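This structure is a prediction, so every number in the text was calculated from the model and none was measured. These numbers come from the heavy atoms of this one structure, side chains and all, not from hydrogens, waters or symmetry mates.
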Amino acid sequence: MDRNPFSDAEIERRLARVRAALANRRLDAAVFASPENVFYLTGLDHWGYFAPHLLIVPLEAEPVLVTRAMEKVTIANQVRAARFRGHSDSETAADLAARVLAEHGLTGKSVGLECWTAGLSHGLAQKLEASADARWSDVSGLVDGMRLVKSPEEQGLMRLAAAVTDAAAGAAIAAIHDGAAEQEVAAECVAAMIRAGGHAPGFGPFIRPAARLGEEHTTWGDGVYRNGEPVFLELSGCVSRYHAPLGRLVHVGSVKDEDAAMAEVTQAAFAAVCGALKPGARARDVYAAWQGVVDAAGLAHYRRHHCGYLVGVGQPPSWTGGNSVTGLRADSDLVIETGMSFHILSWLMGTGRGDDFISNTVLLTENGAEVLTRTPTGPIVR
């Protein structure tokens with residue numbers, strides 16, 4: 001989080017694609033507000049995205065990045081493909097963005113606005129639309145769609161992030177034992193993450209006893225782990241905002257026979273997903289491969305909302321790439337492409353016949369599905 005991770009050629013290629021898409025929609029410019037997309041188009045990697053960042057991309061002129069004036073030094077050090085305009089805290093990003101649009105001769109012109117993002121509040125959007133004389137059009141999803149397929153530079157960052165993930169997971173697993181404090185396990189995990197070259201992840205790590213499994217997005221507390229109760233791990237290393245999550249279930253003291261048997265099913269179902277990840281396949285076909293293994297194991301009653309989702313760029317408070325999740329769902333027509341990266345989850349918890357959970361980051365390459373995270377799948381007993 002101290003530098004722009006992208007080459008100038010990479011950024012220019014992305015901006016050229018954006019401009020081509022705007023021209024195809026007969027737009028004269030667009031304003032992007034998603035932190036993930038501003039990062040993708042500029043390389044600005046910092047924690048300042050809690051405040052609005054509005055990236056104005058005209059068809060011809062240099063892009064302009066509008067945010068708080070105090071970010072001047074960071075942007076000067078990191079951003080080479082956009083001009084910085086900073087606003088004081090006595091005005092809003094919308095006030096300055098409206099002036100920039102007018103300065104660029106965009107008054108009365110067709111301008112896209114990225115509406116569906118946590119980076120643009122309802123009030124700020126109203127302020128911008130009222131302050132700037134333009135014919136507004138929603139361009140939500142335009143850049144998000146471009147981000148789904150990772151370039152070679154991005155794939156390199158994903159592999160680095162996966163190595164950080166494995167280091168952090170290994171440290172957490174090694175620290176778990178009967179009587180281990182939840183806080184100590186988390187401390188070992190985070191320390192290993194940083195020492196392995198990781199940057200601050202979008203969220204997590206999620207480490208908690210199975211008694212709190214259903215809480216989804218909570219993590220360690222002030223308790224201790226005890227024999228007989230599994231520990232849930234889901235975490236991701238992060239390198240330059242790229243994430244490579246994994247998940248494991250760690251059994252303290254011993255593993256029940258039914259849980260060990262269920263681990264065979266989760267691993268077989270995971271392998272089926274990897275085999276189904278082929279260019280041209282639909283997301284629903286990938287989910288069907290996972291469900292087919294589950295059904296064949298006598299668990300036809302068991303269904304999941306997805307068996308994974310696309311992953312890569314993530315800004316706090318998430319590693320999922322924004323405030324929505326592009327999942328491998330039973331009802332999704334998403335077309336799978338080479339270069340996509342996924343957090344694949346094989347989750348069989350609460351089946352009534354044993355519990356297990358594994359997940360890994362998988363990159364679809366020219367040679368097939370490559371599992372980037374390599375922590376042993378288990379059953380893991382500590």
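For the pair Arg159 and Glu370, the salt-bridge criterion is met [side-chain N within less than 4.0 Å of a carboxylate O]. Between Glu229 and Arg226 there is no salt bridge, since none of the side-chain N atoms of the basic residue sits less than 4.0 Å from a carboxylate O of the acidic one. Between Asp295 and Arg303, at least one side-chain nitrogen of the basic residue sits less than 4.0 Å from a carboxylate oxygen of the acidic one, meeting the salt-bridge criterion.
In terms of heavy-atom proximity, Ala94 sits nearest to Leu54 at N-CD1, 4.2 Å. Summarising the geometry of Trp220 relative to Pro205, their closest heavy-atom pair is CZ3-O, 3.5 Å, with the distance given to 0.1 Å. The two residues Leu348 and Met262 come nearest to each other via the heavy atoms CD1-SD, 3.7 Å. Residues Thr218 and Arg208 share a closest heavy-atom pair of O-NH1, 2.7 Å. Of all the heavy atoms in Ile11 and Ala81, the pair that sits closest is CG2-CB, 3.5 Å. Scanning all heavy atoms of the two residues, the minimum distance from Ser359 to His343 falls at OG-NE2, 2.8 Å.
For the residue pair Asn77 / Thr74, no side-chain donor-acceptor distance below 3.5 Å is found, with atom types taken as modelled.
Heavy atoms of other residues, nucleotides or ligands lying less than 6.0 angstrom from CZ of Arg25 number more than 12. Within 6.0 Å of the CE atom in Met1, the count of heavy atoms belonging to other residues, nucleotides or ligands exceeds 12. For CD of Glu91, the number of neighbouring non-hydrogen atoms (other residues, nucleotides, ligands) closer than 6.0 Å is greater than 12. In His301, the NE2 atom is crowded: over 12 heavy atoms of neighbouring residues, nucleotides or ligands sit closer than 6.0 Å. At most 12 heavy atoms of other shown residues, nucleotides or ligands fall within 6.0 angstrom of atom CG in Asp257. Other residues, nucleotides and ligands contribute at most 12 non-hydrogen atoms within 6.0 Å of the CH2 atom of Trp116.
Between the OG atom in Ser137 and the CZ atom in Arg26 there is a gap of 12.5 Å [rounded to 0.5 Å]. Going from atom CZ of Arg99 over to atom NE2 of His104 covers 13.5 Å, rounded to the nearest 0.5 Å.
Taking the side chain as every heavy atom from C-beta outward, Thr361 and Met158 approach each other to under 4.5 Å. Contact annotation: the side chain of Leu22 approaches that of Leu59 to within less than 4.5 Å [non-hydrogen atoms, C-beta and beyond].
Using cut-offs of 30° and 60° on the angle between ring planes, the pair Phe232 and Trp347 is perpendicular. Aromatic ring pairs are classed by plane angle as parallel below 30°, tilted from 30° to 60° and perpendicular above 60°; the pair His306 and Tyr309 is perpendicular.
Taking the ring centre of Phe6 as origin, the terminal cationic atom of Arg14 falls inside the region bounded by 6.0 Å and 45° from the ring axis.
Under the 4.5 Å side-chain contact rule for hydrophobic residues, Val231 and Phe357 do not share a cluster. In the hydrophobic clustering of ILVMFWY residues, with side-chain heavy atoms under 4.5 Å counting as a link, Val66 and Tyr49 come out apart. Leu27 and Leu41 fall within the same hydrophobic cluster, where Ile, Leu, Val, Met, Phe, Trp and Tyr residues are linked whenever their side-chain heavy atoms come under 4.5 Å apart, directly or through other members. Linking Ile, Leu, Val, Met, Phe, Trp and Tyr residues whenever their side-chain heavy atoms come within less than 4.5 Å places Val313 and Leu55 in a single cluster.
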Got a list of side-chain donor-acceptor pairs under 3.5 Å for residues 164-174, not counting sequence neighbours?
from	atom 1	to	atom 2	distance (Å)
Thr165	OG1	Ala161	O	3.0
Thr165	OG1	Gly237	N	2.7
Thr165	OG1	Ala244	O	2.7
Asp166	OD1	Arg374	N	3.0
Asp166	OD1	Thr375	N	3.0
Asp166	OD1	Thr375	OG1	2.7
Asp166	OD2	Arg374	N	2.9

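A side-chain donor-acceptor contact under 3.5 Å links Gln267 to the backbone of Gly378. Side-chain atoms of Asn4 never come within 3.5 Å of backbone atoms of Val79 as a donor-acceptor pair (strictly under, hydrogens ignored).
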Are His217 and Phe206 close enough, and set up right, to give a ring pair (Phe, Tyr, Trp, His ring centres under 6.0 Å), and what steps lead you there?
CA-CA 7 Å; His217 296 114; Phe206 301 115; 5.7 Å; yes
Could you walk me through whether His53 and His46 pass ring pair (Phe, Tyr, Trp, His ring centres under 6.0 Å), step by step?
CA-CA 12 Å; His53 286 53; His46 71 157; 5.2 Å; yes
